[in-house]
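Written below as structure tokens is the structure these notes are about.
Numbered from 1 within each chain, the chains take letters A, B, ... in sequence-line order.
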Protein chains: 2
Amino acid sequence: MARSRVTIRDVAAAAGVSRQTISRVINGSDLVSPETEARVRDAVRQLGYQPNAIARSMALGRTQTLACLSPNLTDYTFASVIDGAEAAVRARGYFLMSSSAPDPDTFASLVGELAGSGYIDGILVINPFADNRHRYLPHAFPTVLIGARPRAGVVDSVALDDVEAGRMATRHLWVLGHRQIATVTGATCRGLFTRSIKRL
Amino acid sequence: MARSRVTIRDVAAAAGVSRQTISRVINGSDLVSPETEARVRDAVRQLGYQPNAIARSMALGRTQTLACLSPNLTDYTFASVIDGAEAAVRARGYFLMSSSAPDPDTFASLVGELAGSGYIDGILVINPFADNRHRYLPHAFPTVLIGARPRAGVVDSVALDDVEAGRMATRHLWVLGHRQIATVTGATCRGLFTRSIKRL
DNA sequence: CTGAAAGCGCTAACAC
DNA sequence: GTGTTAGCGCTTTCAG
């Protein structure tokens, strides 16, 4: 188990240097002599050392982990966004912890728990205006809204211009010569699409 | 930010007791006098204290966090499983960090990183036999396979009896009097379904 | 019932 | 270049 794993101390002993030097090598500091570095890397390899992320987070005050909250995980649109977010996040050396909050209450308590526990460096909120959950957005905590309308204003947000998207799709069909164009939507966006088409 | 938050120290000072006592109250130890406890709870509330999960993990040697790895997040079946797992996990006071590993390589590196970093107490693997990724399952690390065939054996696993499920569905239709029964599937399970129907 | 001391594994700030 | 000294915030002995 995690408890029994080899620590920076063991590596230091094996390489005959101080822990600090190990830390330097691990974090790519360039103030280490090439030979020392080589010796350290050897020790690391032989002992199968992997730095403990928790201890690191503790010392650094940040966890390299982001949370992503969405109403649910099964909605294909949400899932796609999360998938993309995860790839982007990981490419930058972060982890993503995705959770779903079906209702505002769950959302509120999750946000409180996540933002307050120190487990997370920032939060991504998908569909922040669903059932008024934006009222429970974390205060003074790094947050990005996804799928927010641009009006979000105060916080950073990624918005999709649904109206323009509809217009583009319709125009495409129109250009192809189609004149009988139907749209299948849910209740909420029906109005937008209709308007979009009219204005073409 | 996390760094500026109120710590157990502040609460201790405010309540006029030692940190240890705060810790006891937080963790529901019963060796604290009712009045002390009340005083502590007051201080906690007034200062808006929330224990730091990282520090806690550090001291405890576990993180109360599980990881769930699936080939992707957008497959409805996977997403449903994750959604369920998350609810179950949370109900037991854990967090769930779901990640997707589209290919065996990603899977292998993710597993190594997660299992070795101390960030995670255990791993859930969805569809462990997809593209042979079971070869890269973590060694000596708490793991549960989901969607594994019962033959998994060595590790704990949750299996779905696809054949019996198909049989049940078909029988249901049969009983209703239907005789023309079709099945729409992907390439991999076609054989199973066909057999299931034949044996009815 | 409560407190004091030590330590989890790592990194930052200073020496040398 | 490299080592030493302090912590990060919490919990666990072990004393009182």
Side-chain angles (χ1 to χ4, degrees), chain A residues 1-41 43-44 47-65 93 116-121, chain B residues 1-41 43-44 47-65 93 113 115-121:
Chain A
M1 288 302 307
R3 201 16 79 82
S4 70
R5 297 224 12 274
V6 17
T7 92
I8 202 174
R9 248 193 173 83
D10 306 317
V11 185
V17 297
S18 76
R19 311 180 245 163
Q20 196 37 236
T21 302
I22 309 296
S23 177
R24 289 205 182 89
V25 172
I26 291 173
N27 297 297
S29 164
D30 48 355
L31 324 79
V32 181
S33 80
E35 21 185 56
T36 306
E37 172 163 356
R39 206 143 34 93
V40 170
R41 291 208 183 285
V44 166
L47 274 57
Y49 170 69
Q50 254 183 294
N52 183 303
I54 294 295
R56 196 186 157 78
S57 299
M58 179 83 176
L60 254 35
R62 63 191 150 76
T63 61
Q64 295 289 106
T65 302
S117 68
Y119 238 113
I120 292 300
D121 291 344
Chain B
M1 289 298 306
R3 203 11 79 85
S4 70
R5 293 219 20 269
V6 17
T7 93
I8 202 174
R9 250 193 170 83
D10 306 316
V11 185
V17 297
S18 77
R19 310 181 246 164
Q20 196 34 238
T21 302
I22 308 298
S23 178
R24 289 205 181 88
V25 171
I26 290 173
N27 296 298
S29 163
D30 48 355
L31 324 81
V32 181
S33 80
E35 23 186 53
T36 304
E37 171 164 356
R39 204 143 34 95
V40 170
R41 292 208 182 285
V44 166
L47 274 59
Y49 170 68
Q50 254 183 293
N52 182 303
I54 294 295
R56 195 184 158 77
S57 298
M58 177 84 173
L60 254 36
R62 64 190 148 76
T63 61
Q64 295 289 106
T65 302
E113 208 172 345
S117 68
Y119 240 114
I120 291 299
D121 291 344

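- Using a 4.0 Å cut-off on heavy atoms, the residues of residues 16-24 of chain B that approach DNA chain D are B/R19, B/Q20, B/S23, listed by number.
- Contact annotation: B/S33 reaches the phosphate of C/dT2 (side-chain N/O to OP1 or OP2, under 4.0 Å).
- The shortest distance between the side-chain N/O atoms of B/N27 and the OP1/OP2 oxygens of D/dT11 is below 4.0 Å.
- Applying the side chain to side chain donor-acceptor pair (under 3.5 Å) rule to A/S29 yields no partners; only residues at least two apart in sequence or on another chain are considered.
- In this structure B/S117 satisfies the side chain to side chain donor-acceptor pair (under 3.5 Å) test with no other residue, sequence neighbours excluded.
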Under 3.5 Å for both distances, Watson-Crick or G-U wobble, that's the pair rule; now give the dot-bracket for DNA chain D, with | marking pairs to another strand and [ ] for crossing ones.
||||.|||||||||||
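- Under the side chain to side chain donor-acceptor pair (under 3.5 Å) criterion, B/E113 pairs with no residue, sequence neighbours left out.
- Applying the salt bridge (charged side-chain N to carboxylate O under 4.0 Å, His left out) definition to pairs two or more places apart or across chains, none involves residues 7-33 of chain A.
- Side-chain N/O atoms of A/T36 include none lying less than 4.0 angstrom from OP1 or OP2 on D/dG1.
- B/T7 meets the side chain to side chain donor-acceptor pair (under 3.5 Å) test with no other residue; sequence neighbours excluded.
- We find that CG of B/L31 is positioned 15 Å from C1' of D/dG16, with the value rounded to whole Å.
- In this structure, A/V32 and B/Y49 both approach DNA chain D, and ranking their closest nucleotides by distance from the 5' end singles out A/V32.
- Partners of A/E37 under the side-chain contact (heavy atoms from CB on, under 4.5 Å) rule, at least two apart in sequence or in another chain, are A/V25, A/V32, A/R41.
- Partners of B/V17 by side-chain contact (heavy atoms from CB on, under 4.5 Å), not counting sequence neighbours, listed by chain and number: B/A15, B/T21, B/I22, B/T36, B/R39, B/V40.
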